[in-house]
Amino acid sequence: MDTNQEQATLWNGIAGRAWVDKKDVLDHLFQPVTALLLEEVCACAPTDVLDIGCGTGAATLALSQRLRGHGHVTGIDISATMIATANTHADADADASFICADAQTHAFTPASYDVLMSRFGVMFFEDPVSAFRNLRTAATAQAKLRLAAWRSPAENPFMTMAEQAAAPFLPPAPARAASAPGQFGFADGQRVQTILEQSGWQHIEIRAIDLLLTMPEQHLQDYFTRMGQLGRVLDQLDESTRQQIITAVRAAFAPFVHGDEVRFTAACWLIRADAASAT
Ligand SMILES: C[S@@+](CC[C@H](N)C(=O)[O-])C[C@H]1O[C@@H](n2cnc3c(N)ncnc32)[C@H](O)[C@@H]1O
């Protein structure tokens, strides 16, 4: 089983460095997800928001700017590397702050947030039921949960393309359980429903959302050589194998390239729940 310690090592190491280095590309790419989430959160008229697995803080800071003067946003993340970058971008933003901690076990001040949100930061817990139970202790009685997570790999071919095209050049990867912590840890909507029910959340709604994401074509190679599974192994290979993989993967991405732009559909879940029943 992947432990939170393994996730901490990953996100403080190679994955965290890639997200920091490619922050601008990723924040542009995921802007439609941020926009959707901010609409959802702002509709709740929040005063204290927690951004779970906030990474380098794009959604945290975008929301704090939207709420300016009318609410505080706290980002929590297990990666010191990513929180350091978030703090750098926060500058003198008095309405945003960051905590470097494991959201599954962190001793939150009870009942301190009226909205808990996340842009792709909740699929990595070793024990999701205990994580969402812990997060519920941080929620006020009327608090709302608003999350974006990936649907299945089959519905997100852009996200699996690099790994698939590189596979013939690499040793076979060990099989992973479909629900293992990771990008697709919340792919099964029924499982997400059960996790939230078992951790005490109510009025759960899990809605499939398809969003068009784009990035300039000039960033594509950088993207697939740094991100995901391929980004984690490429540097360990000899130069000739590296080049063969880059050529094969770039060719495989051709269907997503339209002139100087890369476009694909992100198949996501928009997850809503309440901390308590509205009685
Ligand atoms: C895919 S990244 C998303 C980051 C950010 N939400 C964004 O959209 O840019 C997932 C994030 O979850 C964080 N994470 C993973 N496990 C965590 C845990 N147990 N507690 C807090 N953060 C965690 C990682 O460090 C990483 O920053």
Side-chain angles (χ1 to χ4, degrees), residues 1-38 40-41 49-64 73-90 96 98-108 113 116-135 138 146-150 156 159 180-187 195 199 211 213 215 223 226-229 231-232 266 268-271:
M1 178 191 279
D2 291 47
T3 63
N4 285 5
Q5 185 48 52
E6 285 168 326
Q7 291 295 328
T9 303
L10 182 67
W11 292 103
N12 277 292
I14 192 161
R17 282 194 300 278
W19 276 69
V20 166
D21 291 350
K22 297 292 140 214
K23 176 175 170 53
D24 291 349
V25 175
L26 295 170
D27 288 345
H28 170 87
L29 183 66
F30 295 136
Q31 167 54 29
V33 187
T34 310
L36 172 72
L37 214 45
L38 262 56
E40 287 286 317
V41 171
V49 181
L50 181 68
D51 183 7
I52 309 155
C54 65
T56 58
T60 322
L61 295 173
L63 179 62
S64 115
V73 192
T74 305
I76 182 166
D77 202 282
I78 205 165
S79 166
T81 312
M82 294 169 85
I83 287 290
T85 300
N87 271 318
T88 306
H89 282 79
F98 293 97
I99 304 169
C100 183
D102 182 342
Q104 182 175 313
T105 53
H106 181 65
F108 291 103
Y113 301 106
L116 290 82
M117 70 165 190
S118 183
R119 184 183 87 172
F120 301 141
V122 294
M123 304 88 83
F124 305 90
F125 298 123
E126 173 187 354
D127 181 346
V129 172
S130 115
F132 276 94
R133 199 174 283 144
N134 189 43
L135 289 162
R146 297 290 184 268
L147 311 172
W150 294 101
N156 283 291
M159 287 293 158
Q183 180 179 11
F184 295 112
F186 269 27
I195 288 168
S199 51
L211 295 169
L213 303 191
M215 83 172 108
Y223 173 85
R226 293 296 307 277
M227 309 305 296
Q229 288 295 336
R232 290 170 207 162
C268 301
W269 296 123
L270 172 63
I271 301 163

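Predicted, not measured: the structure shown is a model, and the values here were computed from it. Remember, it's 1-based here, ligands and their atoms both numbered in the order they're listed.
In this structure a side-chain-to-backbone donor-acceptor pair under 3.5 Å is missing from Q31 to H28. D77 places a side-chain N or O within 3.5 Å of a backbone atom of G55 that can act as its donor or acceptor partner. In this structure, T74 contributes its side chain and L50 its backbone to no donor-acceptor pair below 3.5 Å. Side-chain atoms of W150 do not come within 3.5 Å of backbone N or O of A187 as any donor-acceptor pair.
Numbered from 1 in the order shown, with element, the atoms of ligand 1 that lie under 4.0 Å from a heavy atom of F120 read 1 (C), 2 (S), 3 (C), 10 (C). Of all atoms in ligand 1, listed by their number and element, those nearer than 4.0 Å to a heavy atom of M82 are 27 (O). Near C54, meaning under 4.0 Å from any of its heavy atoms, are these atoms of ligand 1: 5 (C), 6 (N). In summary, the atoms of ligand 1 found under 4.0 Å from a heavy atom of A101, numbered by their order in the structure, are 20 (N), 21 (C).
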Inset, instruction - Take N134 and S199 through the test side-chain contact (heavy atoms from CB on, under 4.5 Å) and record every step on the way to the result. - result: CA-CA 8 Å; N134 189 43; S199 51; over 6 Å; no
Legend entry - Worked verdict on R119 versus D27 for side-chain contact (heavy atoms from CB on, under 4.5 Å): CA-CA 11 Å; R119 184 183 87 172; D27 288 345; 3.0 Å; yes
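In terms of protein heavy atoms, atom 2 (S) of ligand 1 is closest to W11 CH2, 3.7 Å. Here the heavy atom of the protein found nearest to atom 27 (O) of ligand 1 is D77 OD2, 2.6 Å.
Residue G53 holds the heavy atom nearest to atom 4 (C) of ligand 1 of all those in A58, G53, A131. Looking at K23, E126, R119, M123 and measuring to atom 8 (O) of ligand 1, the nearest heavy atom belongs to R119. Distances from atom 22 (N) of ligand 1 to the heavy atoms of V33, I78, D102 put I78 nearest.
Between F30 and W19, the angle of the ring planes stays under 30°, which puts this pair in the parallel group of the 30/60° scheme.
The pair R133-D127 fails the salt-bridge criterion, with no side-chain N (NZ, NE, NH1 or NH2) lying under 4.0 Å from an Asp/Glu carboxylate O.
Considering both main-chain and side-chain atoms, A103 comes within under 3.5 Å of ligand 1 through a nitrogen or oxygen pair. Where the criterion is an N or O separation shorter than 3.5 Å, residue side chain and backbone included, F124 fails it with respect to ligand 1. For ligand 1, none of its N or O atoms has an N or O atom of D27 under 3.5 Å away.
Considering every non-hydrogen atom in both V41 and V49, the closest pair reads CG1-CG2, 4.2 Å.
Of all the heavy atoms of F125, the ones lying under 4.0 Å from any atom of ligand 1 belong exclusively to the side chain. Residue-level proximity to ligand 1 for A59 is absent, since no heavy atom of it falls below 4.0 angstrom.
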